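Some notes on the structure that comes next.
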Amino acid sequence: MTSEQRAGGDNHVVLFAKRPGENNSATVDCFAVIPVESPTASDVGVDQCLIRTLFLSVDPAQRCRMNASTGVDYLGPYVIGEPVDGMEGVGIVEIAGSSCSLQVGDIVTSCAHLWTWTKFFVADCSDLVKVNLPPGFSPSVILSAVGLSGMTALLGIQKRARIDRNKPQTIVVSGAAGSCGSLAGQIARIEGCSKVIGICGSEAKCRVLREELGFDSAINYRAEPIGERLRVLAPEGVDIYWDNVGGFISDAVIQQMNENGRVVLCGQIAVYNTDLPYPPPIPHETAEMIQRRNIIRERFLVLTYKNEMDEAVEQLSRWLQENKIKIKETIYDGLSAAPQAFIDMMSGKNIGKMLIHEKSKGERSKQLSTVVYETTKYLKNTPALVQTKESIHQLIPKLKPFKLTSAELLQIINLRPSAPTDIQLLVEETEERFPLETELEELVNVITECLPTPPKTIE
Ligand SMILES: NC(=O)C1=CN([C@@H]2O[C@H](COP(=O)(O)OP(=O)(O)OC[C@H]3O[C@@H](n4cnc5c(N)ncnc54)[C@H](OP(=O)(O)O)[C@@H]3O)[C@@H](O)[C@H]2O)C=CC1
Ligand SMILES: CCCCCC(=O)/C=C/[C@H]1[C@H](O)CC(=O)[C@@H]1CCCCCCC(=O)O
């Protein structure tokens with residue numbers, strides 16, 4: 001047993017607390033992060049193991065599970081008061097039962113099985129897959145490159161895009177700076193597309209697509225007219241459309257598609273905050289275009305290809321090691337940040353895969369030591385160098401009448417402003433809050449009387 005478990009661990013679980021309402025975005029109070037007992041060795045059966053979560057996957061399909069009905073038969077709704085489970089996770093074996101093929105220290109994932117949003121849990125060994133991490137890579141790549149996102153991108157392209165290597169082919173990817181989209185664009189290029197155009201929700205994301213991930217061009221759908229931009233960027237027309245989003249973006253792309261084009265219907269995130277079934281109905285003009293141009297628009301579900309997943313994982317790991325695919329990750333720290341991570345992923349704050357990293361106690365104290373070291377190093381070059389506990393204790397009550405915020409107080413203690421103009425740099429709206437010049441002077445006097453004068457080199 002590790003020291004973490006002997007100490008009872010610091011286990012938490014994320015519960016599903018309330019439904020957002022079928023036509024609303026999720027909010028933080030839809031979840032509750034609560035402390036729970038950690039399982040111990042006596043809870044682990046012979047063919048089971050105790051897992052410590054390292055990374056959790058944050059997925060759009062979870063929003064559909066927050067409705068009373070998901071609208072699909074392969075995925076059930078979350079139950080209020082029950083733990084939230086994600087689509088995938090990566091963990092480390094801390095205790096292995098005597099008949100379990102896994103060993104302590106093995107890194108494992110939950111290929112095509114759900115993973116509860118908790119730190120320590122007991123799992124059947126048969127529900128876990130041992131991971132052979134490519135050398136030098138973090139276990140997070142299991143979720144961001146070779147897990148469901150990577151497999152979705154690879155199998156979606158191979159099974160539905162029908163890329164013809166002998167002809168120039170243009171693909172448009174929506175949700176292009178996200179997890180599946182960023183990989184689908186790169187894989188489409190490897191598999192023979194001559195032009196790759198991404199659609200996403202910010203300029204920063206457009207830059208990543210063009211400058212880091214090898215997309216030929218990118219459209220920010222929040223700022224640019226999609227149809228107009230596509231007519232300029234792809235005057236030859238669009239052969240393949242990787243559809244992650246649905247809604248007006250997809251309607252605009254489909255209008256630019258060529259005869260016999262292919263739409264890979266991967267997801268429809270634009271409607272996940274609604275009660276529409278999956279996939280949602282499409283407007284008449286879009287349906288008409290699909291029919292007129294003989295476009296194949298087929299729904300794609302990665303789980304259909306369970307028996308091809310091992311091969312897909314091998315291919316993705318090879319490309320990763322050969323630097324043929326690049327991955328992007330947005331990582332939030334710990335289970336307590338999980339609700340916000342989900343909300344932020346749904347509103348587009350992620351670039352690449354949205355992940356939660358549950359750090360070990362060792363990693364946490366190392367992180368804390370770094371923060372303490374860096375802060376001390378910084379403060380050594382400020383007037384804080386010569387301040388004492390006593391002088392600070394003397395100052396704080398004397399500053400009370402000035403009604404400063406905690407942040408302002410901290411800045412004053414660290415920087416010991418010695419002139420009214422210095423105060424104006426640290427304190428918001430000084431003119432409104434201290435209309436009399438004498439008030440600012442009085443504040444400066446209190447500070448300089450209580451806090452010692454710093455050495456000349458620092459002043
Ligand atoms: N068919 C399958 O087997 C699978 C399907 N999927 C689907 O793939 C899609 C992408 O999933 P994943 O890669 O995990 O998530 P992403 O990493 O792409 O994250 C979601 C992104 O969607 C974008 N987005 C959110 N709301 C909207 C909107 N209203 N219109 C347009 N874009 C929006 C945001 O980026 P932006 O800033 O660009 O708006 C956000 O970053 C989802 O639809 C998901 O359901 C995922 C896994 C398997
Ligand atoms: C609910 C609408 C979602 C639409 C598209 C989507 O995002 C699909 C995602 C699935 C994808 O195939 C990979 C997944 O993990 C998603 C859901 C699969 C549920 C698997 C449940 C497995 C289990 O019960 O252990």
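Each ligand, and each atom within it, is numbered from 1 in the order the structure gives. Since the structure is predicted, the reported quantities are computational estimates derived from the model, not experimental observations.
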Practice problem: Below 4.0 angstrom from a heavy atom of G201, which ligand 1 atoms are there? Numbered from 1 as shown, please. | Solution: 36 (P), 37 (O), 38 (O)

Quiz item: Backbone, side chain, both or neither: what part of V245 comes under 4.0 angstrom of ligand 1, heavy atoms only?
Solution: side chain

Quiz item: Hey, is M354 one of the residues with a heavy atom under 4.0 angstrom from ligand 1?
Solution: no

Quiz item: Backbone or side chain, does any N or O of F300 fall under 3.5 Å from an N or O of ligand 1?
Solution: yes

Quiz item: Does N244 use its side chain to pair, donor to acceptor, with the backbone of S174 at less than 3.5 Å?
Solution: yes

Quiz item: Looking only at heavy atoms of S202, does any of them come nearer than 4.0 Å to an atom of ligand 1?
Solution: no

Quiz item: Is it true that L301 lies under 4.0 Å from ligand 1, counting heavy atoms only?
Solution: yes

Quiz prompt | Heavy-atom nearest option to atom 40 (C) of ligand 1, drawn from K353, M345, K328 | solution = M345

Quiz item: Regarding R229 and Q256, is there a side-chain donor-to-acceptor distance under 3.5 Å anywhere?
Solution: no

Practice problem: Quick one: look at R222 and ligand 1, take heavy-atom pairs under 4.0 Å, and tell me if it's side chain, backbone, both or neither. | Solution: side chain

Exercise. Compute the minimum heavy-atom distance from G352 to ligand 1 and say whether it is under 4.0 Å.
Key: yes

Quiz item: If hydrogens are left out, which of L183, I249, N220, N244 has an atom nearest to atom 43 (O) of ligand 1, that is, the closest non-hydrogen atom?
Solution: N244

Quiz item: Given S144, G156, C180, which one has a non-hydrogen atom that is nearest to atom 13 (O) of ligand 1?
Solution: C180

Quiz item: Hey, what's the ring geometry for H357 with F55, parallel, tilted or perpendicular (30° and 60° as the breaks)?
Solution: parallel

Quiz item: Which ligand 1 atoms are under 4.0 Å away from a heavy-atom of Q268?
Solution: 43 (O)

Quiz prompt | Cysteines C125 and C100 with SG distance under 2.5 Å | solution = yes

Quiz item: Does anything in residues 127-140 pair up under side chain to side chain donor-acceptor pair (under 3.5 Å), and if so which pairs, sequence neighbours excluded?
Solution: S138-S140, S140-E329

Exercise. Report, in ascending order of atom number, the atoms of ligand 1 lying under 4.0 Å from any heavy atom of G267.
Key: 7 (C), 43 (O)

Quiz item: Have Q48 and D124 got a donor and an acceptor in their side chains that come within less than 3.5 Å?
Solution: yes

Self-check item: Close-contact set for ligand 1 against G178 heavy atoms, below 4.0 Å
Solution: 16 (P), 17 (O), 18 (O)

Exercise. Answer yes when D59 and K353 have at least one side-chain N-carboxylate O distance shorter than 4.0 Å, and no when they do not.
Key: yes

Quiz item: Any idea which of D59, I269, T152 brings a heavy atom closest to atom 48 (C) of ligand 1?
Solution: T152

Quiz item: When only distance counts, is K205 in polar contact with ligand 1, meaning an N/O pair under 3.5 Å?
Solution: yes

Exercise. Take K324 and I190 through the test side chain to side chain contact (heavy atoms under 4.5 Å, CB included) and record every step on the way to the result.
Key: CA-CA 8 Å; K324 287 196 174 140; I190 298 173; 4.2 Å; yes

Practice problem: Look at the side chain of Q291 and the backbone N and O of A287, then say whether any donor-acceptor pair between them is shorter than 3.5 Å. | Solution: no

Quiz prompt | Proximal ligand 1 atoms for C200, defined as those under 4.0 Å from one of its heavy atoms | solution = 38 (O)

Quiz prompt | S69 and N67: side chain donor to acceptor below 3.5 Å | solution = no

Quiz item: Under 3.5 Å, is there a donor-acceptor pair between the T118 and N11 side chains?
Solution: yes

Quiz item: For ligand 1, is any non-hydrogen atom under 4.0 Å from M346's backbone (N, CA, C, O), its side chain (CB onward), both, or neither?
Solution: backbone

Quiz item: Is there side-chain contact between V172 and Y241, with at least one heavy-atom pair below 4.5 Å?
Solution: yes

Exercise. Mind checking whether P60 contacts ligand 1 via backbone (N, CA, C, O), side chain (CB onward), both or neither, at a 4.0 Å heavy-atom cut-off?
Key: side chain

Quiz item: N/O of S347 under 3.5 Å from N/O of ligand 1, yes or no?
Solution: no

Practice problem: Report yes if some N/O of S149 lies less than 3.5 Å from some N/O of ligand 1; otherwise report no. | Solution: no

Exercise. Taking only heavy atoms of S179 into account, list the atoms of ligand 1 that are under 4.0 Å away from them.
Key: 13 (O), 16 (P), 17 (O), 18 (O)

Self-check item: Residues T109 and E88: side-chain donor-acceptor under 3.5 angstrom
Solution: no

Practice problem: Could you list the atoms of ligand 1 found under 4.0 angstrom from a heavy atom of Y272? | Solution: 43 (O), 44 (C), 45 (O)

Practice problem: Please answer whether the main-chain N or O of R162 pairs with a side-chain N or O of R262 as donor and acceptor at a distance below 3.5 Å. | Solution: yes

Self-check item: Proximity of I199 to ligand 1 by residue part, where a heavy atom lies under 4.0 Å
Solution: neither

Quiz item: Taking the six-membered ring for Trp, are F16 and Y78 parallel (under 30°), tilted (30 to 60°) or perpendicular (over 60°)?
Solution: tilted

Practice problem: Give yes if a backbone or side-chain nitrogen or oxygen of L303 is under 3.5 Å from a nitrogen or oxygen of ligand 1, and no if not. | Solution: no

